[in-house]
Amino acid sequence: MTASTWHPIAKLFHWGMAVLIAYQLWLGWEAEELPFSPKKIDLFITHKSIGLTLLLLVFLRLAWRGIKPRPPHDANASRLERGLADWGHRLLYVLLVAVPVTGWWISDTSRIPFKLFGEVRVPDLMDANKESSELAASVHEFLTIALVVLVAVHVAAALRHHFLLKNDTLKRMLPWR
Ligand code: HEM
Ligand code: HEM
């Protein structure tokens with residue numbers, strides 16, 4: 001039998017990652033604005049550390065989704081709506097992997113050594129290379145903006161289900177339900 005609501009672990013991944021991503025966006029933008037200073041370095045250490053944690057979390061989340069498949073779509077949703085929702089979610093997952101990977105690429109090709117949460121040295125996979133690091137920074141920025149836009153569409157879709165279509169799509173994802 002398929003469950004009609006999201007498993008509590010799936011909700012924990014969803015909302016936990018949403019909160020971390022919001023913090024992560026703030027950290028990235030705030031750190032970029034600051035002049036070179038110990039505060040800027042601290043913010044970037046936290047940004048890189050939370051970013052790599054998010055990369056690990058998305059793989060755990062996908063593994064969990066493999067074990068416990070998502071509940072079915074709202075019965076009244078058309079084929080087109082189901083398709084849009086499924087492809088929208090797939091694209092979100094692609095960006096949830098691609099954004100931290102490109103961040104790691106910037107960090108790996110820059111000359112700044114990086115320790116996860118200031119403790120664990122992350123091994124360098126590539127040689128330091130200014131051009132590569134700058135390209136990575138542009139791709140990271142572009143993909144981050146794509147993620148923000150897609151999340152905005154995603155939130156609008158969730159609110160449409162709740163307020164216009166008046167179905168349970170949003171309610172069954174809420175943590176307290
Ligand atoms: C979901 C994960 C992530 C999000 C949402 C995110 C978001 C951002 C944002 C908003 C910025 C500032 C503006 C921009 O260049 O886009 C930024 C910059 C940056 N991020 Fe991330 N990031 C993530 C993961 C990572 C990871 C895992 C690393 C490294 C291990 C990283 C390293 C950097 C660096 C080095 C910059 C400065 C780029 C520059 O010099 O222009 N990020 N990130
Ligand atoms: C950074 C923020 C967010 C990200 C990255 C995100 C990502 C996702 C992803 C990938 C799924 C699909 C889950 C799966 O099929 O495994 C999902 C489902 C869902 N999200 Fe979000 N989400 C975010 C924020 C929000 C917010 C703020 C809301 C509410 C206003 C929301 C409402 C929902 C709902 C209702 C579902 C279930 C959709 C359905 O039943 O088809 N999300 N989210």
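We count ligands from 1, going down the list as the structure has it; atoms in each ligand are counted the same way. Keep in mind that the numbers below use all heavy atoms, side chains included, and drop hydrogens, waters and symmetry copies.
Within the structure, the closest approach of R61 to ligand 2 falls below 4.0 Å when heavy atoms are considered.
Listed by first and then second residue, the ring pair (Phe, Tyr, Trp, His ring centres under 6.0 Å) pairs that reach into residues 50-96 are H7-W64, H89-H154, sequence neighbours excluded.
Among residues two or more places apart in sequence or in another chain, the ring-ring contact (aromatic ring centres under 6.0 Å, His included) test is passed with W15 by none.
Side-chain contact between P71 and S4 is absent, with no heavy-atom pair separated by less than 4.5 Å.
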Identify all N/O pairs between ligand 1 and the protein with a separation under 3.5 Å and present them as a table of atom names and distances.
| from | atom 1 | to | atom 2 | distance (Å) |
| --- | --- | --- | --- | --- |
| ligand 1 | 20 (N) | H47 | NE2 | 2.9 |
| ligand 1 | 20 (N) | H140 | NE2 | 3.0 |
| ligand 1 | 22 (N) | H47 | NE2 | 2.8 |
| ligand 1 | 22 (N) | H140 | NE2 | 2.9 |
| ligand 1 | 41 (O) | E32 | OE2 | 2.6 |
| ligand 1 | 42 (N) | H47 | NE2 | 2.9 |
| ligand 1 | 42 (N) | H140 | NE2 | 3.1 |
| ligand 1 | 43 (N) | H47 | NE2 | 2.8 |
| ligand 1 | 43 (N) | H140 | NE2 | 2.8 |

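In this pair, Y23 and W26 present their aromatic rings parallel. The plane angle is below 30°, not in the 30 to 60° band.
Annotation for ligand 2: atoms under 4.0 Å from non-hydrogen atoms of R65 are 14 (C), 15 (O), 16 (O). With ligand atoms numbered from 1 in the order given, ligand 2 contributes 26 (C), 27 (C), 30 (C) to contacts under 4.0 Å with heavy atoms of V155.
Between the side chains of S132 and W105, a donor-acceptor pair is found at a separation under 3.5 Å.
Any N or O atom pair closer than 3.5 Å counts here, and T169 shares no such pair with ligand 2. Considering backbone and side-chain atoms together, W15 places no N or O closer than 3.5 Å to any N or O of ligand 2.
Counting all heavy atoms, side chain and backbone alike, L165 lies closest to E81 at CD1-OE2, 4.5 Å.
At a 4.0 Å heavy-atom cut-off, ligand 2 touches L170 through backbone and side chain alike.
The angle that H154 NE2 and H14 NE2 make at atom 21 (Fe) of ligand 2, rounded to 10°, works out to 180°.
In the hydrophobic clustering, where aliphatic and aromatic side chains (Ile, Leu, Val, Met, Phe, Trp, Tyr) are joined below 4.5 Å either directly or transitively, V153 stands alone.
D168 and K171 are joined by a salt bridge, as a carboxylate oxygen and a charged side-chain nitrogen come within less than 4.0 angstrom of each other.
The residue from L150, V151, T144, I145 that alone fulfils the side chain to side chain contact (heavy atoms under 4.5 Å, CB included) condition with L147 is V151.
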